[in-house]
Each structure stands twice: as structure tokens, then as C-alpha cells.
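First comes the structure, then the notes that go with it.
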Number of protein chains: 2
Amino acid sequence: MTAPFAQQEALSKERLRLWLRMLRVTRQVEAALRERLRVEYDSTLPRFDVMSALQRAPDGLKMNELSRSLRVSNGNVTGIVDRLVEDGSVERIAIEGDRRATRVRLTPAGRDAFTTMAVAHEGWVNALLDGVTEEDAHHIGELLHRLPAETGERQ
Amino acid sequence: MTAPFAQQEALSKERLRLWLRMLRVTRQVEAALRERLRVEYDSTLPRFDVMSALQRAPDGLKMNELSRSLRVSNGNVTGIVDRLVEDGSVERIAIEGDRRATRVRLTPAGRDAFTTMAVAHEGWVNALLDGVTEEDAHHIGELLHRLPAETGERQ
DNA sequence: TCTTGAAACTTTATGCTTGAACTAACTGTC
DNA sequence: GACAGTTAGTTCAAGCATAAAGTTTCAAGA
């Protein structure tokens with residue numbers, strides 16, 4: 001038995017409101033983080049994300065794996081990695097047996113830089129989410145975990 | 001009395017986890033919405049946002065007000081409005097008494113287009129947030145409302 | 001071996017986004 | 001009226017993001 005129309009309407013509106021609010025908050029937090037990364041480490045969120053993914057893979061990742069794990073397009077990762085290579089945080093390593101692919105790995109300098117940034121990053125997030133208790137975090141985390149619906153590819 | 005160190009550490013990690021999850025979900029939902037707008041209406045999320053803001057202001061908004069209400073940079077709005085003007089959804093109107101400023105307003109065509117898209121948009125969000133009950137929405141909405149901390153400029 | 005198709009990347013065109021520099025116009029105050 | 005400072009907007013350079021097209025390499029079957 002489905003809910004009455006009026007009730008579905010109300011739920012739909014409520015979800016829209018929630019979505020807009022989520023969007024506002026994430027954008028605000030993202031903006032704050034981006035600003036800090038820029039000012040304090042002359043870096044960016046996408047660079048940070050790439051380095052973060054690489055840090056968890058001591059042997060590096062293929063471009064492929066990188067873009068899939070970050071859920072961004074292939075071409076996008078090419079550019080970000082280019083810039084990371086340029087400033088020495090990351091290196092491209094040939095894969096023997098497959099000349100199409102390359103492995104991307106943090107350099108020691110890149111690893112150091114990331115470690116520093118990661119500590120700061122956690123502190124910023126912790127401060128920005130000041131109003132969130134451990135219970136809140138758990139509860140919302142649970143809900144978010146099963147969202148969004150129907151997009152498949154849950155990870 | 002402050003909480004013990006270990007407990008604060010745990011809370012910090014939990015908040016970081018929550019943030020990463022929020023980021024993942026919003027990006028996923030955003031990507032889905034962007035894709036739909038592109039395929040079905042040959043439009044984009046930023047254009048939609050601008051039109052949405054304008055729709056609530058029958059007399060239009062100054063570029064200034066627009067960028068403040070969307071929380072994006074001035075220069076950014078210039079470009080988006082340029083493109084909206086190009087395809088006839090929006091018009092720039094001189095303000096008498098101040099030749100620096102212009103008022104931006106939806107054209108009738110733009111208003112129609114937006115109405116159509118807005119209905120579809122609500123439907124998409126409703127479907128994407130399928131797992132969210134009205135209580136969930138309320139609860140999370142409440143929490144999000146007081147986030148993020150310390151950034152001032154609440155809305 | 002040849003060739004067909006897939007896979008791994010890069011390139012390109014377009015658009016969004018920011019911060020910073022710039023132009024033009026307005027608002028005092030002397 | 002001149003001018004200093006502010007306000008409104010645009011322009012610019014750089015980077016991020018996507019989709020689509022292109023290149024090189026690999027794998028497998030005829």
C-alpha cells in the first residue's frame with residue numbers, strides 16, 4: 001500500500017530541502033578547506049585527494065585505478081597528476097609488460113608533504129564540524145551510507 | 001571540564017569520516033543531477049542555480065545580489081549570466097540612477113524553461129534520496145542547519 | 001601473420017570557479 | 001568643483017571537470 005499523494009508530496013519537498021541544505025554545507029566546508037590548502041600549503045583539494053589516494057597505495061596506482069577511486073574522469077586525473085609531477089610530489093613509473101599504462105606514485109617529498117597536510121586537514125574538518133557529536137556522526141553516517149539510491153557502484 | 005584526549009581524538013576521526021562520506025554523497029548526487037540537466041535540457045547546475053535565484057525575484061537581482069545569494073565569486077556570475085543571456089533565458093536591464101549596476105531578470109522564456117526543469121529536478125532529488133524518511137530529513141536538516149561552525153555569514 | 005576489438009591514456013573543446021587586477025561610476029568631504 | 005575612497009562589474013590567468021575524440025598498445029582469434 002502506497003502512501004497518500006499529499007504525504008508523498010510533503011516527503012518530496014522535505015527531501016529537496018534536505019538536499020539543498022546538504023549542498024550548502026558541503027560547499028561551505030569545501031570552500032573553507034580549499035582556502036586553507038591554498039593559503040597555507042599552496043595546494044588544492046583535487047591535488048590533496050589524489051595524494052590521499054596514493055598514500056594508501058605504497059606501490060602506486062595506475063591512472064585508471066586513480067580516476068576510478070576518485071570517481072572523476074580519466075582526462076581530469078591526467079591534468080592533476082601532470083601538475084603534481086611538475087612540483088615533484090608524484091612520479092610516473094613505467095609498467096613493464098604494458099607500455100600503455102603507467103603507475104603513479106608519491107615521491108618521498110610528496111609523502112612528507114601529504115602527511116603534514118593531512119594532519120592539518122583533519123584539524124580543520126574537526127573544527128568546521130564542531131557542532132557534531134559522536135552520536136550525530138554515527139547516525140548521519142549510517143544514513144549517508146545507503147545514499148544515493150539507484151546509482152549502483154557503491155564502493 | 002574538557003574531554004580526555006583519547007576521546008577527542010576519536011571524535012575528530014569520526015567527524016573526518018562523516019565529512020568524507022558527505023562529500024562522496026553530495027558529489028554523487030550532484031553528478032547525477034548535472035548529467036540529467038545536460039542530457040534532458042542541455043543545461044547545467046550553475047545555470048539552474050542562477051535561474052532558481054532569479055525566479056524568486058520577479059524584479060530581478062543585481063549581479064551583486066546574485067553572487068552573494070549563490071555564494072560564488074562575482075566574476076563567476078558574469079560568465080554564467082553571459083551564457084544565459086546568449087540563449088535568451090535571462091536579460092540585463094539598466095538601473096536608472098546607477099550606471100555601474102545592472103539588474104538581471106528571467107525572460108518569459110527563461111521562466112517557462114526554469115519551471116519545467118524545476119519540476120524534473122525535484123523529482124530527481126526525490127528519487128536519489130529514496131532511502132530518506134521524513135524523520136531522517138528533519139533530524140539531519142536540523143543538524144546541518146548549524147553547520148559549519150565558525151564561518152560566520154549564516155545565510 | 002593479420003586484423004579486429006578492447007584497454008589505457010592523452011588531447012581537445014567547453015564550461016565552471018577562484019582570486020586578483022582592472023575600469024567605470026558613484027559618494028562623500030574639503 | 002576636485003579628489004579620495006568605495007562600490008559594481010568585467011576581465012584575466014590558472015586550475016578543475018566533463019564528454020568526446022584520438023593515439024598507442026595489447027590480446028585473441030582467423
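Below, chains carry the letters A, B, ... as their sequence lines are ordered, and counting in each starts from 1. Side-chain atoms are counted along with the backbone in the values below, which use heavy atoms only and exclude waters and symmetry mates.
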Show me, pair by pair, the donor-acceptor contacts under 3.5 angstrom made by side chains of residues 47-64 of chain B, not counting sequence neighbours?
residue: B:S52; atom: OG; partner: B:R56; partner atom: NH2; Å: 3.1

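- In this structure, A:E65 and A:E35 both approach DNA chain C, and ranking their closest nucleotides by distance from the 5' end singles out A:E65.
- Rounded to whole Å, atom C1' of C:dT18 lies 15 Å from atom CG of B:L70.
- Electrostatic pairing of A:R17 and A:E14 counts as a salt bridge here, judged by a charged N lying under 4.0 Å from a carboxylate O.
- The ring-ring contact (aromatic ring centres under 6.0 Å, His included) contacts involving residues 52-104 of chain B comprise nothing, where partners must be two or more places apart or lie in separate chains.
- Within the 4.0 angstrom heavy-atom criterion, only backbone atoms of the sugar-phosphate kind lie near A:R92; the bases stay farther away.
- Straight-line distance from the CG atom of A:L37 to the P atom of C:dT18: 16 Å, rounded to whole Å.
- The stretch residues 63-103 of chain A participates, sequence neighbours left out, in no ring-ring contact (aromatic ring centres under 6.0 Å, His included) pair at all.
- The side chain to side chain contact (heavy atoms under 4.5 Å, CB included) check on B:A120 picks up B:Y41, B:W124, with sequence neighbours excluded.
- Look at CZ on B:R34: it is 16 Å from P on D:dC16, rounded to the nearest Å.
- Distance A:L66 CG to D:dA17 P: 12 Å, rounded to the nearest Å.
- The side chain to side chain donor-acceptor pair (under 3.5 Å) check on B:H138 picks up nothing, with sequence neighbours excluded.
- Taking atom CZ of residue B:R71 and atom P of nucleotide C:dG19, one finds them 15 Å apart after rounding to whole Å.
- For the contact set between residues 38-60 of chain B and DNA chain D, defined by any heavy atom under 4.0 Å, the members are B:R38.
- The 5' end of DNA chain D is approached more closely, in terms of each residue's nearest nucleotide, by B:G75 than by the other of B:G75 and A:S73.
- Within residues 80-90 of chain A, the residues having any heavy atom closer than 4.0 Å to DNA chain D are, in order of number, A:I80, A:R83.
- Residue-level contact check: B:E30 touches neither bases nor backbone, having no heavy atom under 4.0 Å from any strand.
- Judged by distance alone, the side chain of B:T26 and the main-chain N or O of A:L23 form no donor-acceptor pair under 3.5 Å.
- Listed by first and then second residue, the side-chain hydrogen bond (donor to acceptor under 3.5 Å, both in side chains) pairs involving residues 109-121 of chain A amount to none (not counting sequence neighbours).
- In this structure, A:N76 does not reach the D:dC16 phosphate: none of its side-chain N or O atoms is under 4.0 Å from OP1 or OP2.
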Solution key, residues 91-98 of chain B side-chain donor-acceptor pairs under 3.5 Å, sequence neighbours excluded:
residue: B:E91; atom: OE2; partner: B:R105; partner atom: NH2; Å: 3.2
residue: B:R92; atom: NH1; partner: B:D82; partner atom: OD1; Å: 3.1
residue: B:R92; atom: NH2; partner: B:D82; partner atom: OD1; Å: 2.9
residue: B:D98; atom: OD1; partner: B:R100; partner atom: N; Å: 3.0
residue: B:D98; atom: OD1; partner: B:R100; partner atom: NE; Å: 3.0
residue: B:D98; atom: OD2; partner: B:R100; partner atom: NH2; Å: 3.0

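- Evaluation of the side chain to side chain donor-acceptor pair (under 3.5 Å) rule for A:S73 yields no partner, not counting sequence neighbours.
- Sorted by first then second residue, the ring-ring contact (aromatic ring centres under 6.0 Å, His included) pairs that include residues 52-103 of chain A, not counting sequence neighbours, number zero.
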Could you run down the sub-3.5 Å N/O contacts of the protein with nucleotides 6-8 of chain C?
residue: C:dA7; atom: N3; partner: A:R100; partner atom: NH1; Å: 3.1
residue: C:dA8; atom: OP2; partner: A:N64; partner atom: ND2; Å: 2.8

